Amino acid sequence: MKFFLDTANVEEIRELAELGLVDGITTNPSLLAKEPAPDREILEQICAIVPGPVSGEVVSTDAAGMVREGRELAKIAPNIVVKCPLIAEGLKAVRTLKEDGIRVNVTLCFSVPQAIFAAKAGAYIVSPFVGRLDDIGTDGMSLIRDIRQVYQNYDFETQILVASIRGPLHVIEAARIGADIATIPGKVYKALLKHPLTDIGLERFLEDHRKAQKVGAAV
Ligand code: E4P
C-alpha cells in the first residue's frame, strides 16, 4: 500500500519525506491556496523533494482547457500526475492526456458508477473522497470496498486512492480493503507512526538500562 501526503506545504513535505516513506503527494487548489508562493513554483519544489507521483490539479472546467493546463503541468517534472475532476469534460480530458502519455488522477469521485467511468476513460488513479461522504452521514469506506470489488471484477488497472482522510481509522480500513493508495494529511501521518505503548516501553527499557549501570551494556 502506498502512503501519499495530502498537502502543498513544502516544509511539512520536507520534514516527513526524511523518513523515506512518502510514496507521493496530492495537492488541490484549496491546499495550494493556503501557501504564499505561486502554485507552479510549489509544485516544482515538491517534485524535487518527492520522486513519486505528485498530483497537480487543473482549474478549467472544459476539456480543451483541462488538456491545455494538463500539458503545462506535465512540463514541471516527469513525476507530475494531472488531476482532473470527475465530470464529463474531465473524462474527455483523461483520454487526450493519456494519449499524450500523461498520467491522470480523476478526483472528486463519490460513487461506484463514477469510478467505473474513470477507469474506462483510462485514469491512472481514481480519488474517492471518504471524509466528505462521512460528513454528510454516509459511509465513505463502503464506497472504497465497492470500487475495489468492481475493479477486481473487470480487471481495471486504475489505482484506487483513498482521499479526504480524516484519521488513522480511515487508513487502517483502506489497508484492510486493499486500496492501492491512501493520501494522508501530515497530522494523521504522524499519528499513524505513534503508539503510547511504544513510548512507555522505550522509556522503561532506557530507565532499566540506566539503573543497571553495567559497564559495556550499551553496544
Ligand atoms: C485528495 O487528493 C484531496 O486533496 C483531499 O484528500 C481532499 O480532502 P478534504 O476533504 O480534507 O479537503
Side-chain angles (χ1 to χ4, degrees), residues 1-10 12-13 16-17 22-35 39-40 42-43 45-47 49-50 52-61 66 69-70 73-74 76 79-87 90-91 93-94 97 102-111 114-115 117-119 121 123-144 147-148 158-175 177 179-192:
M1 183 186 200
K2 285 171 258 181
F3 279 2
F4 285 14
L5 280 177
D6 196 24
T7 178
N9 186 280
V10 174
E12 186 172 50
I13 292 170
L16 291 171
V22 172
D23 300 306
I25 302 289
T26 51
T27 69
N28 64 40
S30 306
L31 291 171
L32 283 161
K34 290 187 200 162
E35 307 301 322
D39 293 359
R40 199 178 175 86
I42 296 172
L43 288 169
Q45 288 184 45
I46 297 174
C47 287
I49 300 168
V50 176
V54 175
S55 288
E57 190 159 342
V58 299
V59 288
S60 298
T61 51
M66 290 186 210
E69 271 188 71
L73 284 166
I76 293 176
N79 53 332
I80 278 282
V81 171
V82 174
K83 238 180 178 185
C84 291
L86 214 163
I87 56 176
L91 297 179
V94 176
L97 289 167
I102 296 170
R103 297 174 295 177
V104 181
N105 172 354
V106 176
T107 190
L108 290 167
C109 173
F110 292 96
S111 75
Q114 282 186 321
F117 276 124
Y124 173 64
I125 288 171
V126 68
S127 292
F129 279 40
V130 294
R132 293 194 196 186
L133 281 168
D134 291 355
D135 290 347
I136 59 159
T138 53
D139 178 11
M141 290 314 298
S142 74
L143 174 61
I144 305 299
I147 297 173
R148 178 77 290 160
T158 302
Q159 296 182 59
I160 303 168
L161 179 152
V162 182
S164 189
I165 281 179
R166 302 279 195 252
L169 287 178
H170 276 149
V171 181
I172 295 165
E173 197 51 25
I177 293 167
D180 302 287
I181 307 162
T183 192
I184 309 168
K187 212 173 83 188
V188 177
Y189 193 96
K190 286 180 188 168
L192 287 170

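Because the structure is a prediction, the values reported are computed rather than measured. Order of appearance sets the numbers: ligands from 1, and atoms from 1 within every ligand.
Taking atom 5 (C) of ligand 1 as the reference point, the nearest protein heavy-atom neighbour is Asp6 OD2, 3.0 Å. Protein heavy atom closest to atom 7 (C) of ligand 1, with residue, atom name and distance, is Phe129 CE2, 3.5 Å. Atom 2 (O) of ligand 1 has its closest protein heavy atom at Lys83 NZ, 2.7 Å. Asn28 ND2, 2.7 Å is the protein heavy atom nearest to atom 4 (O) of ligand 1. Of the protein's non-hydrogen atoms, the one nearest atom 8 (O) of ligand 1 is Ser164 CA, 3.3 Å. Here the heavy atom of the protein found nearest to atom 11 (O) of ligand 1 is Arg166 NH1, 2.8 Å.
Shown here are the ring pair (Phe, Tyr, Trp, His ring centres under 6.0 Å) partners of Phe129, two or more places apart in sequence or in another chain: Phe110. Among residues two or more places apart in sequence or in another chain, the salt bridge (Lys or Arg N to Asp or Glu O under 4.0 Å) test is passed with Asp134 by none.
With rounding to the nearest 0.5 angstrom, the CG atom of Asp139 is 10.0 Å from the CD1 atom of Ile144. Rounding to the nearest 0.5 Å gives a distance of 12.5 Å between OG1 of Thr7 and NZ of Lys187. Atom CG in Asn9 sits 11.0 Å away from atom CG in Leu32 (nearest 0.5 Å).
Within the 4.5 Å cutoff, the side chain of Pro168 has heavy atoms near those of the Val188 side chain.
Against a heavy-atom cut-off of under 4.0 Å, Arg132 is close to the following atoms of ligand 1: 7 (C), 9 (P), 10 (O), 12 (O). Counting the atoms of ligand 1 from 1 in the order shown, those under 4.0 Å from a heavy atom of Ala163 are 1 (C), 6 (O). Less than 4.0 angstrom separates some heavy atom of Thr26 from each of these atoms of ligand 1: 2 (O).
The existence of a salt bridge linking Asp180 and Arg148 is confirmed by a sub-4.0 Å separation between a basic side-chain nitrogen and an acidic carboxylate oxygen.
For the ligand labelled ligand 1, residue Thr107 lies outside the 4.0 Å heavy-atom shell.
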